[in-house]
Amino acid sequence: MPNPTPGRGHHTFFLCLLTLFSILSIHPQVLTAKPHSAPVEAFFDTDCDDAVIAEINRARTEILIAIYSLTKRNIATALENAQERGAVVIIRYDADQAKHIESMQKLLTKLTKAGVRCEPIILEESRAHMHHKFMVVDRKVVVTGSYNFTHQGSTINRENLVVVKSTELATEFITTFKALKPR
C-alpha cells in the first residue's frame, strides 16, 4: 500500500496553488466582474433607477420602452439625451394611466417635443391595462421587472429589475413590443 506522505505530486499541487494565488493577487479583476459586463444583473428598490439610467446612457441606436407609468424626470432626461445622441427612442405606455397622472402627461409632452415617439396603448378589453414594464436597448439588452419608472417605484415601493444581455431574449421582447398597437 502506498505511503500517504507528501511526494512529488503534492509539491506540484502546492506549486500550482501558489501560482494561482499570485495571479489572483496581481489581477484582482479575476475575482470581481465589472457590473456592466455580466450577462444578467438584478437590482432592487432604490438601485432600479440608476440601473435604468445606466442602460439608457449606454444606448447607441435604439431604445424601445413598454411602460405602465412614467414620472421620473431623471429617466426622461436620459431618454432625451439618448434621442439627441441619435438613438431612436419609442415609448409605448398605458393611455388610461397617463390620463390620470398629470406629471406623466407633462413628461410625455416634454419627451414628444424632444423627438421621442410617445405612443399610447389602449387595450380592447375595457378594464385591461398595458401593464408591461420593459425596455430593449440596441436590440441586445432587456431591462424588465416590477419597477415602474416613477418616484414611488424608486423611493417607496419594493421593486425589482433584471438586466439581461441577450440578443435572443431582446428579439422576444421586440416581438411583444411590436404587438402593442398604438391608438
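What you are looking at is a predicted structure, and each value in this text was computed from that prediction instead of being measured.
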S.K.: Could you note down all residue pairs passing ring-ring contact (aromatic ring centres under 6.0 Å, His included) where residues 153-176 supplies at least one of them, sequence neighbours left out?
M.R.: Phe134-Phe173
S.K.: Please name all residues satisfying side chain to side chain contact (heavy atoms under 4.5 Å, CB included) with Ser166, sequence neighbours left out, ordered by chain then number.
M.R.: Val164, Glu168, Leu169
S.K.: Do the side-chain N and O atoms of Thr144 and Lys133 include a donor-acceptor pair separated by under 3.5 angstrom?
M.R.: no
S.K.: Which of these, Arg85, Arg117, Arg139, sits in a salt bridge (charged side-chain N to carboxylate O under 4.0 Å, His left out) with Glu62?
M.R.: Arg139
S.K.: Ile53 vs Ile75, test: side chain to side chain contact (heavy atoms under 4.5 Å, CB included). Steps then yes/no.
M.R.: CA-CA 6 Å; Ile53 291 170; Ile75 291 176; 3.9 Å; yes
S.K.: Between Tyr147 and Asp49, is there a side-chain donor-acceptor contact under 3.5 Å, judged purely by atom types and distance?
M.R.: yes
S.K.: Would you verify whether the NZ or CZ of Arg158 falls within 45 degrees of the ring axis of Phe44 while also being under 6.0 Å from that six-membered ring's centre?
M.R.: no
S.K.: Between Thr77, Leu79, Asn81, which is the residue that forms a side-chain contact (heavy atoms from CB on, under 4.5 Å) with Ile56?
M.R.: Leu79
S.K.: So, do His132 and Tyr68 have ring centers that fall under 6.0 Å from each other?
M.R.: no
S.K.: Only counting residues at least two apart or in another chain, list the ones meeting side chain to side chain contact (heavy atoms under 4.5 Å, CB included) with Asp50.
M.R.: none
S.K.: Could you state the interatomic distance from CE (Met135) to CD1 (Ile67), rounded to the nearest 0.5 Å?
M.R.: 9.0 Å
S.K.: May I ask you to decide whether Lys165 forms a salt bridge with Glu41, counting only side-chain N to carboxylate O separations under 4.0 Å?
M.R.: yes
